There are 2 protein chains.
Amino acid sequence: MNSAPTSRPPEAARAPSAAEQAHAQLKALILDNALPPGAQRLESELALQLGLSRTPVREALVRLQQEGLVEITPRHGMRVQPIAAADMREIYEVLNSLEPAAAELLARRADPAAGLERLDAACTAMEQALAAQDRRAWAAADEAFHRGLVELCGNRRLAAMVMQVWDQSHRARMFTLQQRPLPARSTAEHRRVLQAIAAGEPERARELYRRHRHRSGAELVSLIERSGVAWL
Amino acid sequence: MNSAPTSRPPEAARAPSAAEQAHAQLKALILDNALPPGAQRLESELALQLGLSRTPVREALVRLQQEGLVEITPRHGMRVQPIAAADMREIYEVLNSLEPAAAELLARRADPAAGLERLDAACTAMEQALAAQDRRAWAAADEAFHRGLVELCGNRRLAAMVMQVWDQSHRARMFTLQQRPLPARSTAEHRRVLQAIAAGEPERARELYRRHRHRSGAELVSLIERSGVAWL
DNA sequence: ACCCTCAACAATGCATACGCAAACGAATTC
DNA sequence: GAATTCGTTTGCGTATGCATTGTTGAGGGT
C-alpha cells in the first residue's frame, strides 16, 4: 500500500558497492575512535588505507559530512567532527523531543503491546548488566532499547533522525559511561516507559520518557562540562 | 586556540563548486515541480541539461538522496521521490514534535523577545495575504515564519532536520493550498504562539504550537486522502 | 500461445588523468 | 632581522575511459 516498490523479499544481499563499504568502514572507524575527533586525513590516504580509489571514498565522505560526522575542508582533507558540550546540548534537545514522540506513537497503535519483546529483552539485559556492574553491556542494551523503540514506532523519518544524532553522540556517551555512577535510575525508568506503552497510555509514556531524557541529558552535559574536556 | 583557522572574514563568497550548483539547481527543479514526482532521469541526461559532466551531478544526486528528495535506482537513473499521504503523516509527526520544541527553546532564552522582528513581520505578511486572499503570498509568509522560528531557536541540528522534512513536503503543501479554505485560523494561531514566546512562557508556547501543528497537519493529510491522489 | 534462454546493448560504478588554486618555503629586499 | 613576494609543490575538483552488470528484446522450444 505505501508504495514500497523495493519490496522486501528480493531486497536481500546485493553486493555492497565500494562507496557503501567505504562509508560503513569509515563510520565504524570514527565511532570506535580509531579516527579520533579532530583527526585530519586526505582523500588519497583514506583511499590507500581502504584499498580503493578516491572516487568511492569521496562519495562516502560526502555522506558522512551530511550525517554530521566529518567536515570536508578543501585543502586539508576531511576532519572528524569533534563534539563539544554545546553539541551535546543540541543533540539532547532533539532526542528529548523526538524520542518521547516515538513512545507516544508506539502507545497509540491499535495493539500497543505487540512486538515489544525486543524492548523487554533490552530492559532485562540492562537490569542484568546493572547487577553485574558491566557498563559496556549496559550501554549496548541501552542502545538496543532506544534503537528498537524508534524503529518500532513506524515513522522511518523520525527513526532515521534519531539514529543520526545518536551516532553523533556515540563517542561522548562512551566517554561519560566510564565516569558516571551506575545508571540504576535510568534502567528503572526504561522499564516504566515500556509498561506505559504496553498499557496503551500515550500521554504517560511520552511524559515519562521526556522526563527520563531530560534528566539523563542534563546529567551527561554537566558531566562533560565538569570533566573539563573541551570536546570529544 | 580552539582551531578556528577558517576565521570569519575570508569566509564569505567562495565560488560555489559545480557539485553545489548542480545540487541547488536540481533541488529547485524538484521543488518547483519542473522535475515532477516519479520522473526518471539518467545521470547523463541531467549532466547534459546542466552543462556539466556526470561527476558533480552524481555527487549532487547522492546528497539529494540523503535528503529524501530522490531515489537512485541502479540502472534507471534517479527518480523523484513521490510523497504519499503516509509520508505526510510521518512528516507531520516529526514537525509536530520538533517545532513546538523550537518554540519552547525560543521562549526559554534569557531575553525571549529579542530578535523576533522576523517572525512578527511574517505574521503581519500572513494577515495581509489573508485579507487580500492571496494564497501564494500566504504560503511564502508561512514558510518565512516557520523557517525563522527554527533558525532562531539556536539549535542548528533541529533547524536542519525541520528544513529537511519541510522541503520534502513542499510540493504537497503547494498542492493542498489551492483547495483548502483560506487559512484564517492558522494565521491567528501563529500570532498567539509568537506572543507566548515574547512573553517568555515556554510551556504555553510549546502547547499552542503543538495544537496548531496537530490540527493543520491532520487537515492536510485528510485533504490529500480525500483528494484521491495516491501521491504527489 | 506462452515461457524460457541467450545475446547485444546501455548505464553505472570505479579508476585515472588533467588543470587549477592554495599553501608552504625560500630568497631577496628593506 | 623581518616581511613580502615569487616559485614550487600538493591536493582537489572535474572530466573521461573502461569494465561490470542488469535489462531488454528476440528467437526457439515446449
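No experiment lies behind these values; they were computed from the predicted model shown. Chain naming here is simple, since letters A, B, ... match the order of the sequence lines and numbering starts at 1 in each.
Side chains of Q168(B) and R157(A): a donor-acceptor N/O pair is present below 3.5 angstrom, by distance only. For R41(B) and H76(B), the side-chain atoms include no donor-acceptor pair closer than 3.5 Å. Using modelled atom types and a 3.5 Å distance limit, the side chains of S169(B) and R173(B) yield a donor-acceptor pair. S97(B) and S97(A) share a donor-acceptor pair across their side chains, judged by distance under 3.5 Å alone.
Atom-to-atom, CG of L48(A) to P of dT16(C) comes out at 12 Å; the value is rounded to the nearest Å. In this structure, the CG atom of L61(B) is 10 Å from the P atom of dG13(C), given to the nearest Å. Between E59(A) atom CD and dT16(C) atom P the separation is 17 Å, expressed in whole Å. Regarding L46(B), its CG atom lies at a distance of 16 Å from the P atom of dT14(D), rounded to whole Å. The CG atom of L52(A) sits 16 Å away from the C1' atom of dA19(D) (whole-angstrom rounding). As a whole-Å value, the separation of E20(B) CD from dC12(D) C1' is 13 Å. One atom, CZ of R79(A), and another, P of dC12(D), lie 15 Å apart when rounded to the nearest Å. When the P atom of dG13(D) is taken as reference, atom CZ of R63(B) falls 12 Å away, rounded to whole Å.
Partner of E67(A) under the side-chain hydrogen bond (donor to acceptor under 3.5 Å, both in side chains) criterion, chosen from H23(A), Q81(A), Q164(A): H23(A).
Applying the 4.0 Å criterion to OP1 and OP2 of dC14(C), one finds that T55(A) has every side-chain N and O outside that range.
Contact detail for Y209(A) and L149(A): the closest heavy-atom pair is CE1-CD2, 3.1 Å.
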Hey, what are the protein-to-nucleotides 9-12 of chain C N/O distances that come in under 3.5 Å?
residue	atom	partner	partner atom	Å
dA11(C)	N3	R75(B)	NH1	2.5
dT12(C)	OP1	E43(B)	N	3.4

